[in-house]
Amino acid sequence: MLRFTYEALPARVIFGAGSLERLPDEIQRLGASRALVLSTPEQRAEALAVAQKIGSRAAGIFDQAVMHVPIATAEAARDEAKRLGADCCVSVGGGSTTGLAKAIALVSDLPILAVPTTYAGSEMTPIWGLTEGGIKKTGRNPRVLPRSVIYDPNLTTSMPAMLSATSGMNAIAHCVEALYAEDANPVISLMAEEGIRALAASLPAVVRNPRDIEARSHALYGAWLAGASLGAVGMALHHKLCHVLGGTFNLPHAETHTVVLPYAVAYNASAAPDAMMRVARAIRADDAAAGLRALSTSMGAPTALSKIGMQEKDLDRAAELAVENPYYNPRPITCEGIRTLLEDAFRGRPPTPR
Ligand code: NAD
């Protein structure tokens, strides 16, 4: 029987090739005049170009964003925002850079204008993360939700083919878990299925030619829907596993999502048949788990944890951590079941429901 609660998050999205030109207007619209532009060290050139575009409304650049927002980096960025008298943050980059803007907004209420350059989806969520003493804490707070998001596919053409493939699979993972979320609802499920469809249809073309702007546009459109799905409903086993593997064993974020997804899907297949039917339909496959794995393989993306830095001796500990705190999953979580899943993912065996 249909029964759900649906709460829409406020979102303003400017989408399309060349939409970065709208950034100065968006800053003005927020009533801001001193923007702190954030980036990773690798994307400093992009941050500089953005600061130039903003002109006199740019207060400065902070280019030290790194994965998982270490508290020391967050504090340095907060100090810089204060020192410059910034009245908004413009994040130019992937989830790490958006995450840094969120760390500033969490304590200051500075509005965020996000300019995403990967498919991670953080720009559409009220979820923040901070790492202290090797432990990543996450939480939800509406004040960290970007006020305006500029999706310009031109900024994604520099994303290397493999980051595009894995970042795209990360986005697909948000959509997949949204379809079987505890608080799933028909509106977000429509967005999630369409997100999977758009990403699966465009990512292979993106990987073949990272400068294919048509394919880039469709992939970024899918990533938007994926971020919106992640922001709106709760996630389950797959995100928990990736959080453990990334946080405790330092495995790379997007690659970990890419490897784990078919196994998490196989684990949940019998408990979420409608979600599986929708995933399979979106990727045009007979079976959701096998189809997702085939998509990764077709793009040359990693398909085994052993290939992305996981040590066999850590599998037991990873399974223990993944079952530690109870959380929603369509199929009950058992230590034995998760240990088997991790073993399969470690070896890159075909993902089969067990
Ligand atoms: P990332 O932001 O760490 O970027 C990876 C690398 O790619 C960086 O060096 C970056 O500068 C570079 N890069 C980004 N875009 C590029 C482009 N267009 N061209 C060339 N290089 C580019 O990677 P990510 O996967 O986007 O983000 C991962 C982080 O985001 C993780 O810490 C994850 O936990 C977090 N995340 C948070 C949420 C949330 O809702 N809070 C959602 C998704 C991901």
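Atoms within a ligand are numbered from 1 in the order they appear, just like the ligands themselves. Only this structure's heavy atoms are used, side chains among them; waters, hydrogens and symmetry mates stay out. In this chain, numbering begins with 1 at the start of the sequence shown.
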| query | If you count the atoms of ligand 1 from 1 in the order shown, which ones are under 4.0 Å from a heavy atom of Leu155? | reply | 18 (N)
| message | I'd like the name of whichever of Met159, Gln43, Glu42 reaches closest to atom 14 (C) of ligand 1 through any heavy atom. | response | Gln43
| remark: For Thr40, the ligand 1 atoms with a heavy-atom partner under 4.0 Å come out as 10 (C), 11 (O)
| message | Tell me whether Trp128 has any N or O atom under 3.5 angstrom from an N or O of ligand 1. | response | no
| request: Counting heavy atoms only, name the option from Glu255, Arg140, His253 that's nearest to atom 33 (C) of ligand 1. | output: His253
| request: Out of Cys242, Ser96, Pro126, indicate the one that has the non-hydrogen atom closest to atom 2 (O) of ligand 1. | output: Ser96
| note | Numbered in order shown, the ligand 1 atoms found under 4.0 Å of a heavy atom of Thr125 are 39 (C), 40 (O), 41 (N)
| Shortest heavy-atom approach to atom 35 (C) of ligand 1 - which of Gly99, Ala173, Gly139, Gly95 | Gly95
| query | Given the rule in the salt bridge (Lys or Arg N to Asp or Glu O under 4.0 Å) test, do Asp109 and Arg143 qualify, once you have shown the distances and angles that lead to the verdict? | reply | CA-CA 6 Å; Asp109 269 342; Arg143 69 183 357 184; 2.9 Å; yes
| Can you list every pair that meets side-chain hydrogen bond (donor to acceptor under 3.5 Å, both in side chains) and has a residue in residues 8-21, with sequence neighbours left out? | Arg12-Glu26, Glu21-Lys53
| query | Under 4.0 Å from any heavy atom of Ser122, which atoms of ligand 1 are there? | reply | 37 (C), 38 (C), 39 (C), 40 (O), 41 (N), 42 (C)
| Partners meeting side-chain hydrogen bond (donor to acceptor under 3.5 Å, both in side chains) with Thr157 (sequence neighbours left out) | Arg211
| request: Just need the protein heavy atom nearest to atom 34 (O) of ligand 1, so name the residue and atom and give the distance. | output: Lys136 NZ, 2.8 Å
| Counting each atom of ligand 1 from 1 as listed, which ones have a heavy atom of Leu163 under 4.0 Å away? | 7 (O)
| query | What are the atoms of ligand 1, with element, lying closer than 4.0 Å to any heavy atom of Leu230? | reply | 40 (O), 42 (C)
| message | Tell me whether Met124 reaches ligand 1 (any heavy atom closer than 4.0 angstrom to a ligand atom). | response | no
| said: Does ligand 1 come near enough to Ser158 that some N or O of the ligand is less than 3.5 Å from an N or O of the residue? | reply: yes
| message | Do Phe15 and Met124 land in one hydrophobic cluster if side-chain heavy atoms of ILVMFWY residues count as linked below 4.5 Å? | response | yes
| Do NZ/NE/NH1/NH2 and the carboxylate oxygens of Arg317 and Glu320 come within less than 4.0 Å? | yes
| Numbering as shown, the atoms of ligand 1 that approach Gly94 to under 4.0 Å (heavy-atom distance) | 2 (O), 26 (O)
